[in-house]
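The structure under discussion appears below in the form of structure tokens.
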Amino acid sequence: QVQLVESGGGSVQAGGSLRLACAASGFDTSSACMVWLRQAPGKEREGVAALSRVIDLTKYADSVKGRFTISRDNAKNTLYLQMNSLKPEDTAMYYCAADPHCVYYTPRLTPADYHYWGQGTQVTVSA
């Protein structure tokens, strides 16, 4: 059974940092396509950082390039999102998602491409 459990969210001031973690079970993260998505109130869910299967190519939304870093530790079956220089507009619920049967080596930010989701962790950035 595939499970994804996010942690690490919280409240920070603008300019601060947070590191989100997504503990995965039921599949091998090294061969899965994975992504971090977020959804702010009244807005659509958007992909912010994606990781391709095996070779770990990355892709970022323009709004987070240079500030966020996606990575994974296959030994721990865990996905991470390091978020630096946080801005109030980064405030949202953050989700990790996975496609364990992914065949693509190109990272994808589209939420509809992922079949399994975590419950989310809230990030709030104050000005």
Side-chain angles (χ1 to χ4, degrees):
Q1 180 181 0
V2 173
Q3 284 193 325
L4 299 165
V5 180
E6 301 96 334
S7 62
S11 297
V12 296
Q13 290 190 328
S17 298
L18 284 173
R19 188 191 194 203
L20 306 183
C22 173
S25 59
F27 69 99
D28 183 357
T29 55
S30 66
S31 60
C33 293
M34 301 192 74
V35 68
W36 284 99
L37 310 114
R38 67 185 181 187
Q39 188 167 22
K43 294 189 177 181
E44 292 187 355
R45 195 169 293 189
E46 63 170 346
V48 295
L51 197 61
S52 70
R53 66 187 298 261
V54 182
I55 58 176
D56 286 6
L57 292 179
T58 58
K59 185 175 183 178
Y60 297 93
D62 288 343
S63 59
V64 306
K65 279 181 183 176
R67 301 188 297 122
F68 289 12
T69 303
I70 187 172
S71 63
R72 64 181 152 204
D73 184 334
N74 294 326
K76 296 181 179 179
N77 232 36
T78 299
L79 182 74
Y80 298 100
L81 184 68
Q82 178 67 43
M83 305 187 295
N84 298 328
S85 302
L86 283 162
K87 304 175 180 180
E89 51 263 44
D90 294 318
T91 296
M93 185 72 78
Y94 283 72
Y95 303 87
C96 72
D99 177 4
H101 308 295
C102 178
V103 297
Y104 302 104
Y105 290 95
T106 302
R108 298 168 295 156
L109 289 172
T110 306
D113 287 338
Y114 297 87
H115 310 305
Y116 298 96
W117 298 66
Q119 82 289 349
T121 187
Q122 178 67 38
V123 172
T124 303
V125 185
S126 57

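Between atom CG of residue Asp28 and atom OG of residue Ser25 there is a gap of 12.5 Å, rounded to the nearest 0.5 Å. Rounded to the nearest 0.5 angstrom, Ile70 CD1 and Leu79 CG are separated by 4.5 Å. Once rounded to the nearest 0.5 Å, the distance linking CG of Leu20 with CE of Met83 reads 3.5 Å. In this structure, CG on Asn77 lies 7.5 Å from OG on Ser30, to the nearest 0.5 angstrom. Expressed to the nearest 0.5 Å, how far CG of Leu51 lies from SG of Cys102 amounts to 10.0 Å. Separation of atoms OH (Tyr116) and CD (Gln1) is listed at 9.5 Å; rounding is to 0.5 Å.
When atom types are taken as modelled, the side chain of Glu6 and the backbone of Cys22 share no donor-acceptor pair closer than 3.5 angstrom. Between the side chain of Arg38 and the backbone N or O of Ala92, no donor-acceptor pair lies under 3.5 Å. Of the possible polar contacts, one joining the Tyr114 side chain to the Arg108 backbone as a donor-acceptor pair under 3.5 Å is found. A donor-acceptor pair under 3.5 Å links the side-chain atoms of Thr91 to the main chain of Val125, judged by distance alone. Judged purely by atom type and a 3.5 angstrom limit, Trp36 uses its side chain to pair as donor or acceptor with the backbone of Tyr80.
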- Go through the steps to decide whether Thr78 and Asp73 satisfy the test side-chain hydrogen bond (donor to acceptor under 3.5 Å, both in side chains), and finish with yes or no. CA-CA 5 Å; Thr78 299; Asp73 184 334; over 6 Å; no

- What do the steps show when you test Arg53 against Tyr105 for side-chain contact (heavy atoms from CB on, under 4.5 Å), and what is the final call? CA-CA 6 Å; Arg53 66 187 298 261; Tyr105 290 95; 2.9 Å; yes

- Would Tyr95 and Val48 satisfy side-chain contact (heavy atoms from CB on, under 4.5 Å), going step by step from the backbone distance to the final call? CA-CA 10 Å; Tyr95 303 87; Val48 295; over 6 Å; no

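When all heavy atoms of Gln122 and Met93 are compared, the pair lying nearest together is N-SD, 3.5 Å. Pairing each heavy atom of Ala14 with each of Pro88, the nearest pair is CB-CD, 4.1 Å. Heavy atoms only, all atoms of each residue included: Val2 and Pro100 are closest at CG2-CG, 4.3 Å. Listed here is the closest heavy atom pair of Ala24 and Thr29: CB-CG2, 3.6 Å. What you find for Arg45 and Leu37 is that their closest heavy atoms are CG-CB, 4.1 Å. Contact between Ser31 and Val54 at its shortest, heavy atoms only, is CA-CG2, 4.3 Å.
Taking hydrophobic clusters as Ile, Leu, Val, Met, Phe, Trp and Tyr residues chained together by side-chain heavy-atom distances below 4.5 Å, Val12 shares a cluster with Leu81. Both Leu18 and Tyr60 are members of a single hydrophobic cluster when ILVMFWY side chains are connected at heavy-atom separations under 4.5 Å.
Between Trp117 and Val35 the shortest side-chain heavy-atom distance does not fall below 4.5 Å. Side-chain atoms of Leu57 and Pro107, non-hydrogen and from C-beta on, do get closer than 4.5 Å to each other. Contact annotation: the side chain of His101 never approaches that of Phe27 to less than 4.5 Å [non-hydrogen atoms, C-beta and beyond]. At least one side-chain heavy atom of Asn84 sits less than 4.5 Å from a side-chain heavy atom of Ser17. Within the 4.5 Å cutoff, side-chain heavy atoms of Asp90 are placed close to those of Arg67.
Within 6.0 Å of CD in Gln13 there are 12 or fewer heavy atoms belonging to other residues, nucleotides or ligands.
Using a 4.0 Å cut-off between a side-chain N of Lys or Arg and a carboxylate O of Asp or Glu, Asp62 and Lys65 qualify as a salt bridge.
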